[in-house]
Amino acid sequence: MKKYSIALLCIMLYLCQFSVALGTKDIAYTEEVSDDIQEDYGFSEGTVTWIVPGKAGGGSDLAIRCYSEAMMKLLGISNFVVNCDTNTEAHSLIAHAKPDGSYLMLATAALNIQFITYHATVNPKTDLTLIAAMQDNGFAALCAPVKAPYNTFDEMVQYAKEHPGKLKAGFPEAGNNSFQFALIEKETGAVFSKADCPSEADRLVHLASRFIDLGFVTLQNAIKYERDGKLKVIATMAGDGKRIIDYERALPDNYKTMQEQGYKGCFWNVQHYVYGPAGMDAVLVDKINRTLKVLYDDETCRNKIASLGQIPEWHDIAESLIIRDAEYDAEVAIAKFLDFIP
């Protein structure tokens with residue numbers, strides 16, 4: 001299995017285009033990095049591969065491309081971005097890659113959730129190496145078709161309670177979005193039916209065509225698609241206590257968080273984590289962790305992450321483990337609510 005997965009990764013790399021600056025403008029980065037840092041960034045010699053748990057255009061993909069570009073421009077590190085069709089595929093690829101710092105993945109709650117719910121066998125605590133907790137996922141926008149019979153989150157909740165199962169929510173079989181909708185059901189009493197939408201690209205298309213009635217997308221995509229008349233935003237979901245006005249003052253009231261709209265239990269803490277394969281040397285992990293802080297410290301890189309609706313952060317290894325384990329425990333609680341585990 002290990003040889004097969006590595007061979008598959010090599011084939012994917014061969015077929016992928018070099019994508020450090022794909023879809024981006026040439027930006028002059030502000031941070032000056034000393035020669036010592038550039039020479040001791042912790043990665044193996046040669047090209048670093050970022051594995052994306054999803055198709056191009058999703059939140060993880062866009063964030064990885066920010067780091068990919070910054071790695072090249074700040075540190076001179078040649079790197080590829082490789083998209084996988086599913087989270088499970090990406091998680092398996094990184095688990096079976098060489099533990100030498102040449103393969104990285106930026107993962108969110110789907111990694112934990114798929115293991116917790118028995119949809120995947122990759123254990124984030126034993127099969128991977130946590131390198132750093134990075135940005136907070138920020139504000140996920142809950143969107144509906146333009147002609148949906150509700151315009152606010154409260155109106156949607158009332159409609160879903162009056163018509164149990166009629167509203168079709170689009171999300172992956174076992175991922176972050178599936179647990180966000182489960183939390184909404186748990187806290188509001190709404191009942192949704194499910195449509196399989198494994199990627200954000202799928203959800204954007206299906207919201208515009210009215211194939212689904214609800215779907216979470218990144219704040220950046222929500223603003224663009226609402227402006228183009230392809231969907232409408234009824235709320236955002238973020239970590240406990242976060243307010244949209246603190247991060248983006250120009251947005252109208254329909255972008256307020258569910259907590260801000262009166263649903264105090266509707267919050268969801270999600271961090272982005274940089275992982276490598278299990279078996280990485282501790283000194284190597286520490287070097288890469290500190291190198292990621294160089295990317296975080298750069299104002300241009302932080303601004304690009306923030307433009308996605310995410311909240312730039314960097315944490316050392318000890319803090320990262322605490323944050324990851326707390327999030328994992330919260331996801332176990334929702335899994336029990338859904339009867340995935342006793």
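The model shown is predicted, which means the values in this text are computed figures rather than measured ones.
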When you look at Phe115 and Thr121, which way does the side-chain contact (heavy atoms from CB on, under 4.5 Å) test go after all the steps? CA-CA 6 Å; Phe115 177 72; Thr121 59; 5.8 Å; no
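- Look at Asp298 and Arg302 and you find no salt bridge, because none of the NZ, NE, NH1 or NH2 atoms lies under 4.0 Å from a carboxylate O.
- At least one side-chain heavy atom of Glu226 sits less than 4.5 Å from a side-chain heavy atom of Asn254.
- Counting Ile, Leu, Val, Met, Phe, Trp and Tyr side chains that sit under 4.5 Å apart, directly or through other members, Ile245 stands alone, with no cluster partners.
- Asn151 and Lys232 are linked by a side-chain donor-acceptor pair at a separation below 3.5 angstrom, with hydrogens and angles left out of the test.
- Put simply, the side chain of Ser320 never gets that close to the backbone of Ala132: no donor and acceptor are under 3.5 Å apart.
- Side-chain N/O atoms of Asp136 and Gln310 include no donor and acceptor closer than 3.5 Å.
- Proximity of a side-chain donor or acceptor of Asn83 to a complementary backbone N or O of Val52 within less than 3.5 Å is not detected.
- Atom CD1 of Ile334 and atom OG1 of Thr117 lie 13.0 Å apart (nearest 0.5 Å).
- Looking at heavy atoms from C-beta onward, His91 lies out of side-chain contact with Ile51 at the 4.5 angstrom threshold.
- Lys293 NZ to Met134 CE: the interatomic distance, rounded to the nearest 0.5 Å, is 10.5 Å.
- For the atom pair Gln135 CD and Glu313 CD, the distance stands at 8.5 Å (nearest 0.5 Å).
- Proximity of Thr257 to Lys242: side-chain heavy atoms (C-beta onward) are nowhere separated by under 4.5 Å.
- Shown here are the side-chain hydrogen bond (donor to acceptor under 3.5 Å, both in side chains) partners of Asp240, two or more places apart in sequence or in another chain: Gln259.
- Under the 3.5 Å distance criterion, the side-chain polar atoms of Ser102 are left unmatched by any main-chain donor or acceptor of Val48.
- Among residues two or more places apart in sequence or in another chain, the ring pair (Phe, Tyr, Trp, His ring centres under 6.0 Å) test is passed with Phe340 by His119.
- Put simply, the side chain of Thr236 does not reach to within 4.5 Å of the side chain of Met258, judged on heavy atoms.
- One distance of note links OG1 of Thr108 with CD of Gln271; it measures 11.0 Å at 0.5 Å rounding.
- Within the 3.5 Å criterion, the main-chain N or O of Cys197 finds a donor-acceptor partner in the side chain of Arg203.
- Sorted by first and then second residue, the pairs that involve residues 189-198 and meet side chain to side chain donor-acceptor pair (under 3.5 Å), not counting sequence neighbours, are Glu173-Lys194.
- For the residue pair Asp154/Thr152, the side-chain donor-acceptor check at 3.5 Å is not satisfied.
- The list of ring pair (Phe, Tyr, Trp, His ring centres under 6.0 Å) pairs with a residue in residues 172-230, not counting sequence neighbours, reads Phe171-Phe181, Phe181-Phe192, Phe181-Phe216, His206-Phe211.
- Distance alone, capped at 3.5 Å, places no donor-acceptor pair between the Asp228 side chain and the Lys230 backbone.
- In this structure, the side chains of Gln220 and Leu62 come closer than 4.5 Å at one or more pairs of heavy atoms.
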Before you tell me yes or no, could you show the steps for Glu89 and Asp85 under side-chain contact (heavy atoms from CB on, under 4.5 Å), namely the whole-Å CA-CA distance, both residues' side-chain angles and the distance that decides it to 0.1 Å? CA-CA 7 Å; Glu89 180 184 353; Asp85 286 338; 4.0 Å; yes
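- The main-chain N or O of Thr218 is never found under 3.5 Å from a side-chain atom of Asn221 such that the two would form a donor-acceptor pair.
- With 3.5 Å as the limit, one finds a donor-acceptor pair spanning the side chains of Thr88 and Gln114.
- A donor-acceptor contact shorter than 3.5 Å is absent between the side chain of Ser68 and the backbone of Ile64.
- In this structure, Lys125 satisfies the cation-pi test against Tyr328, with its NZ or CZ atom closer than 6.0 Å to the six-membered ring centre and inside 45 degrees of the ring normal.
- Asp281 is linked by a side-chain contact (heavy atoms from CB on, under 4.5 Å) to Val283, Leu284, counting only residues two or more places apart in sequence or in another chain.
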Item to complete: Could you walk me through whether Tyr247 and Phe139 pass side-chain contact (heavy atoms from CB on, under 4.5 Å), step by step?
Response: CA-CA 9 Å; Tyr247 300 94; Phe139 300 86; 3.3 Å; yes
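- With respect to the salt-bridge test (charged N to carboxylate O, under 4.0 angstrom), the residues Glu200 and Lys55 do not qualify.
- Residues that satisfy the ring pair (Phe, Tyr, Trp, His ring centres under 6.0 Å) test with His315, not counting sequence neighbours, are absent from this structure.
- In terms of modelled atom types and a separation under 3.5 Å, the side chain of Glu185 and the main chain of Ala182 share no donor-acceptor contact.
- Screening residues 329-342 for side chain to side chain donor-acceptor pair (under 3.5 Å) gives Asn112-Glu331 as the qualifying pairs, with residues at least two apart or on separate chains.
- Taking the side-chain hydrogen bond (donor to acceptor under 3.5 Å, both in side chains) definition, one finds that Asp213 meets it with nothing, sequence neighbours left out.
- Put simply, CG on Asn79 and CG on Leu104 are 9.0 Å apart, with the number rounded to the nearest 0.5 Å.
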Might you work through the side chain to side chain donor-acceptor pair (under 3.5 Å) test for Thr300 and Asn303, ending with a clear yes or no?
CA-CA 5 Å; Thr300 300; Asn303 288 342; 5.7 Å; no
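- A ring pair (Phe, Tyr, Trp, His ring centres under 6.0 Å) check over residues 273-308, counting only residues at least two apart or in different chains, returns nothing.
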For side chain to side chain donor-acceptor pair (under 3.5 Å), just list the numbers for Asn137 and Trp268, CA-CA rounded to whole Å, side-chain angles, deciding distance to a tenth of an Å, and then say yes or no. CA-CA 9 Å; Asn137 197 51; Trp268 192 240; over 6 Å; no
- Query: Is there a salt bridge (charged side-chain N to carboxylate O under 4.0 Å, His left out) between Asp61 and Arg65 once you walk through the steps?
  - Reply: CA-CA 6 Å; Asp61 173 72; Arg65 292 181 189 277; 3.0 Å; yes
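- Atom-to-atom distance recorded for Asp297:CG and Leu292:CG is 11.0 Å, nearest 0.5 angstrom.
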**Study point:** Evaluation steps, side-chain contact (heavy atoms from CB on, under 4.5 Å), between Gln180 and Leu183
**Key:** CA-CA 5 Å; Gln180 286 174 304; Leu183 179 65; 5.7 Å; no
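- Judged by distance alone, the side chain of Asn87 and the main-chain N or O of Ala110 form no donor-acceptor pair under 3.5 Å.
- Partners of Tyr150 by ring pair (Phe, Tyr, Trp, His ring centres under 6.0 Å), not counting sequence neighbours, listed by chain and number: Tyr159.
- Other residues, nucleotides and ligands place more than 12 heavy atoms under 6.0 Å from the CZ atom of Phe337.
- Tyr263 meets the ring pair (Phe, Tyr, Trp, His ring centres under 6.0 Å) test with Phe153; sequence neighbours excluded.
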